[in-house]
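Heads up, the thing below is written out as structure tokens.
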Protein chains: 2
Amino acid sequence: MATIEDVARSAGLSRTTVSRVINDHPYVSIAKKKKVKEAMEELGYVPNSAARSLRNQRTGMIAVLIPRVMNPFFSQLIETLELAAAESFYQLIICQTQYSAKKELTYLNLLKTKQVDGVILTSAENDWSAIEGFTEYGPVILCNEFDERANVPMIYMDQQEAGYKATRHLIEQGHRKIAYCCGRFRSNVASAREEGFMMALHEAGLAFDEQYAFREAITSSDGTEIFRSIRGDSGRPTAIFTGSDEVAAGIVSEALRHGWSIPRDLAVTGFDNQVITELMNPRITTVEQPVREMALKTMEVLLERIRNRQYTGTERHQFSMKLIVRESTHMQAELAGIQ
Amino acid sequence: MATIEDVARSAGLSRTTVSRVINDHPYVSIAKKKKVKEAMEELGYVPNSAARSLRNQRTGMIAVLIPRVMNPFFSQLIETLELAAAESFYQLIICQTQYSAKKELTYLNLLKTKQVDGVILTSAENDWSAIEGFTEYGPVILCNEFDERANVPMIYMDQQEAGYKATRHLIEQGHRKIAYCCGRFRSNVASAREEGFMMALHEAGLAFDEQYAFREAITSSDGTEIFRSIRGDSGRPTAIFTGSDEVAAGIVSEALRHGWSIPRDLAVTGFDNQVITELMNPRITTVEQPVREMALKTMEVLLERIRNRQYTGTERHQFSMKLIVRESTHMQAELAGIQ
DNA sequence: CTGAAAGCGCTAACAC
DNA sequence: GTGTTAGCGCTTTCAG
């Protein structure tokens, strides 16, 4: 493996000059520059990045902490983040916390050990007090996550508004008994969404029956379970709010198999606007999150912070979501859909 | 930021001793070991990984090249790979080639610049001759990818068998005109699959009509398009083989919206056994790939090669796939499904 | 414009 | 058991 020393020797110049050429510094004569380039070419020289990192105190790596890659919301986030990172010549390291607070801390350590220049936290498992200490070692950005106490940038969506809008829509369709499903974000995301949900009920003078709260619903088979559990009830809800398209699809799919008509027998809302919502029949009403925009903003803020070595200081970017009404909640939409 | 030097001074010992404690070497007295640990604790010391990488010639990073994260097959692969890597204290770097040969080369350069200890190539965009040169800098593993000329480990599935099995199943259901869809892997994956497809047709004495070959089908909306394009034909196929569950779901979904009955009017097979195949109604017949097993084998082989600094030398691990018959191709299955 | 030399933080001979 | 010391490959003063 050729080193800068080899190149220098081969070109009959000093390491300094070679380094200047590599980094495109001024004050190198054209002739020598050419000589260096030839030598590099001939030796197949490539700068060793560990040495550069050590010297420059900068790795060109960014860690993204997510619960799981397979969760479509997060993989969509990752996709855009990676594209944005690559554009600025940064590499993305994937860190799956698997909803484990301990794993999260392990990954946050990448910042301490200088393996990454910054961290993007998309779903905090630890309390902020446990995370705060890491912010002195490099920028930590909350993306999709939110905490009142956090003194770092936060890029997030108005979950409360989203919960409110979707629920309000169900109420407008005449529903009085509405079930609530969410995943196990221990974070403020779920609670804000639930606040919005409750707010809409409250406003309409409706009570919530805790019996119909499902707070561990993540996958489509969780949806299947949920359907089965309410299926026989006489006082069952006529509509279900879910925090995930997969759960919604699971419910719809199972209901159809049991001969139910959606939305007549049961109205269902999803969350995320994933592909599946358009493939189901009826199509599923859902909430569209501006994932791309968030990802881009996140990377922009992060790179800015890395550049300025500014690790603390809050900064809030809130995005709005859009309710997309489809046939799983709305008869009219169903009719329009058939064409 | 505390360094090893600081710890040594604070503990009244040498850097060597501290280093020994960090790396759990023998020959350190219990008393001093304790002293060192206390000093590390007090100073909040964490070893700098750039320095370690430089010194040890090892980064603890692995690059995974995939076309796109959002493709469920690849995100599933990533998920398992990351888990396996984390278990051995390796970090995974995500590299999206976006089907670009140039981007692929950029990412392969991570090996040259020593930013990673190894590379997993899941879908080669370049010809092997362009990739071969990188193998002298570190291990390159083909996972899901295959090339006769490659002198590196290959972990892959028997795509030909899969194509054959699925097609044969369609023929057994009485179909004589079968359409073919695949994505744009420029790799041998697609061609092997197609070989299997053709082999089954041939064996049954059936001809293939090139008019019904769709070789750029990736997403569910591609599936929608495909349905529309065959919809009006009088001599249209009665069955479709697809290389992707999403395409299959798109076809099924659109067909149902047009009042077709699946599989009576059109039989459809998917590929990958993604969640969506069980959510659609009818459920979709598909081919299950042993993604998890492949991912684990890949990581095992890669870590082994890193350990032994053995970069070249072929080694083939072929996995079999399983056809999962569901209602989208099989009436009986449909009846059983209704229960 | 160019080069000599110090040092980023760590590990591993080698000597004691 | 423990310490001294020479680098890993690179960038950047500083002096010329």
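A quick note: this is a predicted structure, and the numbers were derived from the prediction, not measured. In what follows, chains are A, B, ... by sequence order, proteins preceding strands, each numbered from 1.
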Taking only N/O atoms, report every protein-nucleotides 1-3 of chain D pair under 3.5 Å with atom names and distance.
from: D:dT2; atom 1: OP1; to: B:Ser29; atom 2: OG; distance (Å): 3.0
from: D:dT2; atom 1: OP1; to: B:Lys32; atom 2: NZ; distance (Å): 3.3
from: D:dT2; atom 1: OP2; to: B:Ser29; atom 2: N; distance (Å): 2.7
from: D:dT2; atom 1: OP2; to: B:Ser29; atom 2: OG; distance (Å): 3.3
from: D:dG3; atom 1: OP2; to: B:Ser14; atom 2: N; distance (Å): 3.2
from: D:dG3; atom 1: OP2; to: B:Ser14; atom 2: OG; distance (Å): 3.2
from: D:dG3; atom 1: OP2; to: B:Thr17; atom 2: OG1; distance (Å): 2.7
from: D:dG3; atom 1: O6; to: B:Arg20; atom 2: NH2; distance (Å): 3.1

For a quick test of reading the model, state the closest non-hydrogen atom pair linking A:Tyr99 to A:Asn71 and the distance between them.
OH-ND2, 4.5 Å
Take atom CG of B:Asn48 and atom C1' of D:dC8, then tell me their distance rounded to the nearest Å.
13 Å
The helix from C:dC1-D:dG16 to C:dC16-D:dG1: angle between end helix axes, five pairs per end, rounded to 10 degrees
40°
Whole angstrom is fine here: how far is it from CZ in B:Arg9 over to P in D:dT4?
13 Å
For the pair made of CG in A:Leu54 and P in D:dG7, what is the distance, rounded to whole Å?
17 Å
Do NZ/NE/NH1/NH2 and the carboxylate oxygens of B:Arg307 and B:Glu304 come within less than 4.0 Å?
yes
Where the side chain of B:Asp117 meets the backbone of B:Gly60, is there a donor-acceptor pair that is under 3.5 Å apart?
yes
Ignoring hydrogens, what is the shortest heavy-atom contact between B:Met61 and B:Tyr90? Give both atom names and the distance.
N-CD2, 3.9 Å
If I take atom CZ from residue A:Arg15 and atom CZ from residue A:Arg9, how far apart are they, to the nearest 0.5 angstrom?
10.5 Å
Atom NE2 of A:His25 and atom P of D:dT12: how far apart are they, to the nearest Å?
5 Å
If you compare every side-chain N and O of B:Gln57 against the phosphate oxygens of C:dT11 (OP1, OP2), does one of them come in below 4.0 Å?
no
Main chain of B:Lys102, side chain of B:Thr106: is a donor-acceptor contact present, judged purely on distance under 3.5 Å?
yes
Under 4.0 Å: is that the gap between some side-chain N or O of A:Ser19 and OP1 or OP2 of D:dT11?
yes
Rounded distance in Å - CE (B:Met1) to P (C:dC10)
8 Å
Which residues in residues 109-117 of chain A have at least one heavy atom lying under 4.0 Å from any atom of DNA chain C?
none
Whole-Å distance separating the CZ atom of B:Arg58 from the P atom of C:dC10:
16 Å
Side-chain ion pair, A:Arg316 and A:Glu148, N-O less than 4.0 Å:
yes
Does C:dT11 have OP1 or OP2 sitting under 4.0 Å from an N or O in the side chain of B:Asn23?
yes
Between the side chains of A:Lys297 and A:Glu300, is the shortest nitrogen-to-carboxylate-oxygen separation below 4.0 Å, so that they form an ion pair?
yes
Using whole Å, report how far CD of A:Glu5 lies from P of D:dG9.
10 Å
Quick check for you: to the nearest 0.5 Å, what is the distance between A:Ile94 atom CD1 and B:Gln91 atom CD?
11.0 Å
Would A:Thr16 and A:Ser19 count as a side-chain hydrogen bond (donor to acceptor under 3.5 Å, both in side chains) if you check the C-alpha gap in whole Å, the side-chain angles of each, and the deciding distance to 0.1 Å?
CA-CA 5 Å; A:Thr16 312; A:Ser19 171; over 6 Å; no
Can you measure B:Arg55 atom CZ to D:dT5 atom C1' for me and round it to whole angstrom units?
11 Å
Look up atom OG1 in B:Thr3 and atom CG in B:Leu43, then write down how far apart they are to the nearest 0.5 Å.
9.0 Å
